[in-house]
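Note sheet for the following structure.
Keep in mind that the numbers below use all heavy atoms, side chains included, and drop hydrogens, waters and symmetry copies. Convention: sequence-line order gives letters A, B, ...; per-chain numbering from 1.
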2 protein chains.
Amino acid sequence: MIVKALKKGHTLQTEDGREILGPDATKGERTRVRILDEAAALASESGIGAVTLGPLAERLGMSKSGLFAHFKSKEALQVEVLMRAAERFTEVVIAPIRAEKDKPKRLGMFFENWLDWIEHPGLGSGKGGCPILAAHFEYDDVPGPVRDQAAKHNGEFYDLIRRLVAVALPHADQDAMVAAIDGLGLSHLLRVRLMGDKKARAHTMQAFEALLKNPPLKGA
Amino acid sequence: MIVKALKKGHTLQTEDGREILGPDATKGERTRVRILDEAAALASESGIGAVTLGPLAERLGMSKSGLFAHFKSKEALQVEVLMRAAERFTEVVIAPIRAEKDKPKRLGMFFENWLDWIEHPGLGSGKGGCPILAAHFEYDDVPGPVRDQAAKHNGEFYDLIRRLVAVALPHADQDAMVAAIDGLGLSHLLRVRLMGDKKARAHTMQAFEALLKNPPLKGA
DNA sequence: GTCTGAATAGCACGACCGTTCGTTTTATTC
DNA sequence: GAATAAAACGAACGGTCGTGCTATTCAGAC
């Protein structure tokens, strides 16, 4: 459970002290955030497709209909869960790297943060994986708003990598680097979560460092 | 629809002429194969989780109960679908590369065959993606027989890559190469299927060739 | 305090899920 | 052909799904 305080007049905070809602937030808004956080934890454990009203309501200690009233549909809820997870991703993985001014080091810092996230996304329980990545594969062939949202996130993610590469390794081919870096993360996820490979991190990092040393070159 | 013939006395064949069942196969065995092929096509389009009795029975023009009688449970059906898809994968991606005797070329041939499969797995409709890969991400955190089967496939797949690398690039670090190659395929899948990126193949191949030219080295 | 609207609960619905069972149809063997 | 086994069907089960309704409770403004 991420959310601690609920009372009005107090600032709503999470375990790591982030401020979500100001002191004058209405109760509905507070519950909404609570729902989204719990739903993200559920999605993290069992995939976005497992975010269903009944079990989610039970985890929250509220009724299905009370929960449902906060969203127009289940699909809308799922899309918002993805957005919420993306927020957390930005806070945990992306925001901290701005402190690093050395560009190549910044790229490396991003990659390690990302691997940390893949291993332990900051979404409650601590048990599950990244729901956004899971959604990418779950909905890559299923048209609809969930897929659209997933594609949007992935596009922004690729842009981020491309920018990091552009300033860190100006001579490298950016698109090929995006493919290689993105791939290392995806493969890392499978080796950690599906295979339970204890050495996954070492192998991933070795491949990453070799990639930085000899990147695919522009126009090659 | 893959299966053409059903009558006994004739050899059961698929569109591409593979022989599945001999001429003395019982009717139940024939139907079983027909079910598995159709289920694989369905899984390819919408994921293994979408392989449900009702819709599958309708696509087959048979009753839910008639279908169900061939398997002890839905989970057993899903596991068999994965096994069937893995068979196809072996036939389409792996078997042909034995013809190539030059080891480095064989590795490249495997990779291109794999990309072809990712773009158009040979599983019916032609519309969907690879159900095995989808299952890896769908079930990476969901314990049970489906996950176990998926992990088994992935383990064998990694072994295959490792062997191909070992003979093609003996000086390269095999585990890091597995991570890099597996990753390029996974990322390719997202860029093709989720993002609809027309240039995905060019970027993937550029990264792959750069990887072959400067692979991560042993003990580095 | 009272009032008012927001927030939640309770209940019911139709649809679909996997599964079971008894019956009927269809293959296969004699 | 008849006899027997295999296969498929149809109906029904208990369960869960998402989603409407209406009623109740509760929080916030006066």
Side-chain angles (χ1 to χ4, degrees), chain A residues 3 5-12 21-36 38-39 42-43 46-81 138 142 144-146, chain B residues 3 5-12 21-36 38-39 42-43 46-81 138 142 144-146:
Chain A
V3 171
L6 253 185
K7 305 266 172 57
K8 181 154 176 185
H10 297 74
T11 300
L12 186 65
L21 259 19
D24 55 349
T26 178
K27 194 197 172 198
E29 289 164 0
R30 290 159 193 278
T31 320
R32 210 185 146 79
V33 172
R34 204 166 60 95
I35 294 173
L36 253 15
E38 192 64 39
L42 179 56
S46 315
I48 200 77
V51 175
T52 58
L53 286 311
L56 180 55
E58 195 175 1
R59 284 170 69 134
L60 287 160
M62 65 186 297
S63 72
K64 259 203 318 178
S65 49
L67 193 168
F68 183 76
H70 286 271
F71 307 90
K72 283 182 288 191
S73 73
K74 192 192 79 169
E75 262 187 345
L77 166 62
Q78 291 176 327
V79 169
E80 291 210 49
V81 169
E138 207 170 334
V142 187
V146 177
Chain B
V3 171
L6 255 184
K7 304 265 173 59
K8 181 154 170 184
H10 297 75
T11 300
L12 185 64
L21 260 18
D24 55 350
T26 178
K27 195 199 172 194
E29 289 164 0
R30 292 159 193 276
T31 323
R32 210 184 146 79
V33 171
R34 203 165 60 96
I35 293 174
L36 253 15
E38 192 64 39
L42 179 55
S46 315
I48 201 78
V51 176
T52 58
L53 286 309
L56 180 55
E58 196 176 359
R59 283 171 68 135
L60 287 160
M62 67 187 296
S63 71
K64 260 205 312 181
S65 52
L67 192 168
F68 182 78
H70 286 271
F71 307 89
K72 281 182 291 193
S73 71
K74 191 191 82 170
E75 262 187 347
L77 166 61
Q78 290 175 327
V79 168
E80 290 211 50
V81 169
E138 207 170 336
V142 187
V146 177

Q.
Give me the atom names and distance for the closest heavy-atom approach of B:K74 to B:V51.
A. CD-O, 3.8 Å
**Q.** Protein proximity profile, nucleotides 7-19 of chain C - base contact B, sugar-phosphate-only contact S, no contact -, cut-off 4.0 Å on heavy atoms
**A.** SBBB------SBB
**Q.** Length of the line joining B:F71:CZ and D:dA7:P, which is rounded to integer Å
**A.** 12 Å
**Q.** Test log, rule side-chain contact (heavy atoms from CB on, under 4.5 Å), inputs B:L77 and B:F68
**A.** CA-CA 9 Å; B:L77 166 61; B:F68 182 78; over 6 Å; no
Q: Taking the side chain as every heavy atom from C-beta outward, state whether B:T31 and B:K27 have any atom pair closer than 4.5 Å.
A: yes
Q) Do you know the tightest heavy-atom contact between A:Q78 and A:V146? A) OE1-CG2, 3.8 Å
Q | Heavy-atom closest pair, residues B:M62 and B:L67 | A | CE-N, 3.6 Å
Q) Whole-Å distance between D:dA8 P and B:R30 CZ? A) 12 Å
